[in-house]
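As the structure is a prediction and not an experimental result, all values here were calculated from the model. Hydrogens, waters and symmetry mates play no part in the numbers below; they use all other heavy atoms, side chains included.
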Amino acid sequence: MRSRVREAFHEVFTQLRAEGLDLPESVPLVLEKPRRAELGDLATNVALAVAKAVGRPPRALAEALCGALLALPDTPFAAVEVAGPGFLNLRVKDRVVLAVLGEVLAQGERYGQHPPVPGERVLLEFVSANPTGPLHLAHARGAVVGDVLARLLRAAGLAVETEYYVNDLGAQVLKLAASVRAAHLGEPPPEGGYGGAYVAELAQALRASAPALLDGPDGPLAERCVEEVLGGIRRTLDRLGIHFARFFSERSLGDGRLEATLDALASGGHLEARDGALFFRGGDTDKDRVLRKSSGDLTYFASDLAYHRDKLARGHTRLVDVWGADHHGYIPRMRAGLEALGLPGEAFEVLLLQMVKLLKDGKEVRMGKRLGNFITVDEVLDEVDEATGHPGAGRDALRFLILARSHESPVEFDLAVASAQSVENPVFYAQMTHARMCSILHRAEHSEELLPAREAGVLYVPDAPDPVLVEKLTLPEERAILAACDAFPELVREAAEARAPHRVAFWALEFAQGFASYFTRMQRVHDAPILPQKGVREADPGWVRAWDWETTRARLLWLRAVRQVYANALALLGVEAPTRMTRSAEP
RNA sequence: GCGCCCGUGGCUCAAUUGGAUAGAGCAUCGGACUUCGGAUCCGAGGGUUGGGGGUUCGAGUCCCUCCGGGCGCGCCA
């Protein structure tokens, strides 16, 4: 529908240009849903947006557009009205709205995906948690937001690669090795070391598999520890449904790329030796930062800069990083560094994530590095899986509840809500909606009581829309839900551009709610259930002949399309779209 | 002290990047239903978008200022 409407506008734009109207080259045509359904199917503010450039009052411009749109030889509009200061309310012809059905069914799982955008190559880096311990809840947010952003950008047609940057170098990693060694010897962890249960487990595992490492030098032990911890992290990510294209080793930059980065900065005059250390000159944008400590070790900033330089050298045109909000001060530093290297600093962008709080039994579980009581992602997943009795429930709950918030807003993860098998739980509600859709289609195709109708050949789900059936879809609710389906591809593109994965979750919830509402109205208000129900069948022995099967087939077709779009949205969120909900044991 | 982010009905959050009368969900109140998947559906009340000033046809959104909160400002990562 929207593509047809856009076409019509562009025809009118060229027409008006030919008549001498000074319209800009590209006109921003924003199509939105009108506040109230009675106003029409779509609304736009183009007249207001371009009035200044054209040099005509918005209202007059809107009138001109209105007339021209309706006068088009094959106009898709049934009505166009000017409202307020110059808004256009558009009512689209039935057949154009209903064409959405055909588009959805023809494209199936690809509905909502955009054609490739040439030129852009995105490198999305996220999680990148130090391989010194298991992932905890704060990491999960970055993991989920990053993963869905990757799916979104791909759906929007961008080439995306995902990377996890592994800090397998430096003091932290050596501390891990020292901590494991201490645990092996039954000693307390060293100053600033790690003391979680996983350290003891790691020590024990190594005792069995590679005892020589525990008594050997730090280097090989550290390497092995990182390998083991990273293995655990990858298993956790796997449980979350997240798979990286690459785990990029910080240490691998030691093959010359690190030194080359420093040389490039030096030859550009951006370095300064002072107090036995090597500083990067921040210039106007940032204060001076240390690259090489007086101890001779390189800082994290040095290798991170080399890493980001490498990303660009590999041909990526856009670098998107997902960071915790506490790292925001780091952004100007990185950008200044890239620019000093002669690289485009504006290619680098960062999504900052706010905190995640964990609620257990209604109380906040305080977590902190100093407290050493981080709840791991695995523990959260286990708890929800166990409480619900469904493996995978934890993954879906964690993903959905994280995505049901803007990333720049703090989120609370309530174990009770996440585990609830009721509509109080947004995840459950979202998934049950899909199961309901499936259930009706399943009843139509398999239920015992409708067998006579199927045998008579009147009850089946058509494969493709045909004009006779489509005419049967006359309820405003059916039209409104199709309009929501029609908006989905644009939602994908806008959410991708805004780097706002949460919009997909909001869209899904609103869609689910609209479906529940309209669905109930179809039976209660319109007295128009899709399938003949018990009362009808019992009251009239000839119900198979009396029932309006064309309308039923039309609605089943409609439902198939609606379910397809909804399933595509859930797929984008990485949440399962179950065909049925297994009842829990409660009475 | 300097810098960044945030402040939206009682609560939790949106708001298509400057567009119409700021929207949902909980909660409260009223009504309907109790058969296609689970307390569902319809409606009502509730707001000076922290305060003030400015920019323009138009501001929750941009600028200034004050108040309140979070974070950062290390030869840590």
Side-chain angles (χ1 to χ4, degrees), chain A residues 30-36 39 43-45 48-49 51-52 57-59 83-87 89 128-130 132 167 170-173 192 250 274-279 286-287 289-301 303-304 324-332 352 354-355 404-406 408-412 414 421-424 426 428-429 432-433 435-444 447 449-450 487 490-491 493-495 497-498 500 502-503 506 509-510 513 516-525 529-536 538 580-581 583-584 586:
Chain A
V30 178
L31 296 175
E32 45 187 10
K33 189 171 112 182
R35 286 260 176 274
R36 293 184 304 277
L39 292 177
T44 178
N45 68 341
L48 288 148
K52 192 173 282 180
R59 180 94 201 176
F87 287 92
N89 288 324
S128 298
N130 278 345
T132 51
N167 299 116
Q172 301 305 315
V173 168
E250 177 183 10
R274 192 198 310 157
D275 307 329
L278 191 61
F279 284 77
D286 196 32
K287 58 194 272 191
R289 306 287 179 181
V290 173
L291 288 170
R292 193 193 300 278
K293 306 182 229 175
S294 51
S295 66
D297 294 330
L298 290 166
T299 60
Y300 183 86
F301 176 45
S303 58
D304 213 6
D326 53 340
H327 286 67
H328 70 80
Y330 202 78
I331 300 172
L352 293 176
Q354 291 297 324
M355 298 292 113
R405 281 279 183 289
S406 155
E408 52 203 14
S409 174
V411 67
E412 281 180 358
D414 189 328
Q421 309 247 47
S422 75
V423 293
E424 311 300 314
F428 184 85
Y429 185 69
M432 188 188 70
T433 299
R436 280 182 83 178
M437 294 169 177
C438 292
S439 166
I440 294 154
L441 289 165
H442 188 266
R443 273 169 53 88
S447 72
E449 63 270 20
L450 296 174
E490 285 191 13
L491 167 91
R493 196 171 36 73
E494 282 164 8
E497 270 168 17
H502 70 278
R503 283 199 197 159
F506 277 97
L509 278 178
E510 198 181 320
Q513 201 186 321
S517 164
Y518 295 150
F519 194 69
T520 304
R521 285 173 60 82
M522 275 165 86
Q523 5 177 3
R524 307 271 167 90
V525 179
I530 293 177
L531 300 170
Q533 297 180 343
K534 199 176 175 188
V536 172
E538 284 175 354
R580 64 196 180 89
M581 306 298 277
R583 274 174 203 276
S584 54
E586 61 190 289

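- What separates CG of L509(A) from C1' of G23(B) is a distance of 15 Å, to the nearest Å.
- Of the possible donor and acceptor atoms, one in the side chain of T520(A) sits under 3.5 Å from a partner among the backbone N and O of A516(A).
- V290(A) approaches F301(A) most closely through the heavy-atom pair O-CD2, 4.2 Å.
- No contact: P85(A) has no heavy atom under 4.0 Å from any strand.
- Taking the side chain as every heavy atom from C-beta outward, R292(A) and F279(A) never approach each other to under 4.5 Å.
- For N89(A) against A20(B), a side-chain-to-base donor-acceptor contact under 3.5 Å is present.
- Taking atom P in both G54(B) and G9(B), the straight-line distance is 24 Å, to the nearest Å.
- Atom CZ of R580(A) sits in a sparse spot, with 12 or fewer heavy atoms from other residues, nucleotides or ligands closer than 6.0 Å.
- Taking atom C1' in both A22(B) and A14(B), the straight-line distance is 10 Å, to the nearest Å.
- Between I530(A) and M522(A) there is a side-chain heavy-atom pair separated by less than 4.5 Å.
- Within 3.5 Å, a donor on the side chain of S439(A) pairs with an acceptor on the base of G37(B), or the reverse.
- Under the 3.5 Å distance criterion, the side-chain polar atoms of S447(A) are left unmatched by any main-chain donor or acceptor of A444(A).
- The aromatic ring of F87(A) sits over the base of A20(B), with ring centres less than 5.5 Å apart and planes tilted by under 30°.
- Taking only side-chain atoms of S409(A), from C-beta outward, the nucleotide of A77(B), C75(B), A14(B) with the closest atom is A14(B).
- Phosphate proximity of G25(B) to Q513(A): present, with a side-chain N or O under 4.0 Å from OP1 or OP2.
- Taking a cutoff of 4.0 Å between a charged side-chain nitrogen and a carboxylate oxygen, E510(A) and K33(A) qualify as a salt bridge.
- Within 4.0 Å of T520(A), counting heavy atoms only, lie sugar-phosphate atoms of the nucleic acid but no base atom.
- At U40(B), none of the side-chain N or O atoms of S517(A) fall inside 4.0 Å of OP1 or OP2 (strictly under the cut-off).
- Within the 4.5 Å cutoff, side-chain heavy atoms of R436(A) are placed close to those of F519(A).
- With rounding to whole Å, R436(A) atom CZ is found 12 Å from U35(B) atom C1'.
- Relative to the side chain of F506(A), the nucleotides A14(B), A20(B), G19(B) differ in distance, and A14(B) lies closest.
- Nucleotides U49(B) and G7(B), compared at atom C1', are 9 Å apart to the nearest Å.
- Rounded to an integer number of Å, the gap from CD of Q354(A) to C1' of G69(B) is 12 Å.
- G45(B) and G50(B) have their C1' atoms separated by 24 Å, given to the nearest Å.
- Nearest-nucleotide positions on RNA chain B place M522(A) closer to the 5' end than the other of Y429(A) and M522(A).
- For RNA chain B, runs of at least 3 consecutive pairs of the Watson-Crick or G-U wobble type, with both hydrogen-bonding distances under 3.5 angstrom, map to B:1-5 with B:69-73, B:10-13 with B:23-26, B:28-32 with B:40-44, B:50-54 with B:62-66.
- Between the side chain of H328(A) and the base of C71(B), at least one donor-acceptor pair of N or O atoms lies under 3.5 Å.
- Of the charged side-chain nitrogens involved, at least one lies within less than 4.0 Å of a carboxylate oxygen, so that R443(A) and E449(A) count as a salt-bridged pair.
- Syn is the conformation of U17(B), whose glycosidic angle sits no further than 90° from 0.
- Checking the phosphate oxygens (OP1, OP2) of C2(B), no side-chain nitrogen or oxygen of K287(A) falls inside 4.0 Å.
- E510(A) places its CD atom 14 Å from the P atom of A14(B), with the value rounded to the nearest Å.
- For G68(B) and C57(B), the C1' atoms lie 34 Å apart once the distance is rounded to whole Å.
- Contacts of S406(A) with the nucleic acid, taken as non-hydrogen atoms under 4.0 Å apart, involve only primed sugar atoms and P, OP1 or OP2.
- Inspection of the Q354(A) and S409(A) side chains reveals no N or O donor paired with an N or O acceptor under 3.5 Å.
- The residue among S295(A) and A516(A) whose nearest nucleotide of RNA chain B lies closer to the 5′ end is A516(A).
- Atom CG of L441(A) is separated from atom C1' of G37(B) by 14 Å (rounded to the nearest Å).
- Taking atom C1' on both C67(B) and C6(B), the two are 14 Å apart, rounded to the nearest angstrom.
- Ranking C41(B), G72(B), A77(B) by closeness to the D326(A) side chain, first place goes to G72(B).
- Among the atoms of the strands shown, none is found under 4.0 Å from any heavy atom of D297(A).
- Contact annotation: side chain of H327(A) to base of G72(B), donor-acceptor pair absent below 3.5 Å.
- At the heavy-atom level, P34(A) lies nowhere under 4.0 Å from the strands shown.
- Atom C1' of G74(B) sits at a distance of 25 Å from the matching atom of G69(B), rounded to the whole Å.
- Going from the P atom of G1(B) to that of U65(B) covers 14 Å, rounded to whole Å.
- Between the C1' atom of G19(B) and the NZ atom of K33(A) lies a distance of 17 Å, rounded to the nearest Å.
- Picking from U12(B), G72(B), U35(B) the nucleotide with the shortest atom distance to the side chain of K534(A) gives U35(B).
- OP1 and OP2 of A24(B) both lie 4.0 Å or more from every side-chain N or O belonging to H502(A).
- Counting only heavy atoms from C-beta on, R503(A) has its side chain closest to U16(B) among G37(B), U16(B), C75(B).
- A sub-4.0 Å separation between OP1 or OP2 of G74(B) and a side-chain N or O of K293(A) is absent.
- Among all heavy-atom pairs drawn from L450(A) and L531(A), the shortest one is CD1-CD1, 3.9 Å.
- Residue E412(A) contributes atom CD, which lies 6 Å from atom P of C13(B) at whole-angstrom precision.
- Here Y330(A) lies in heavy-atom contact (under 4.0 Å) with a base.
- At the heavy-atom level, N45(A) lies under 4.0 Å from base atoms of the strands shown.
- In this structure, F519(A) atom CZ and G37(B) atom C1' are separated by 9 Å, rounded to whole Å.
- At the phosphate of C13(B), OP1 or OP2 sits under 4.0 Å from a side-chain N or O atom of R405(A).
- Nucleic acid contact for E32(A): base, since at least one base atom lies under 4.0 Å from a heavy atom of the residue.
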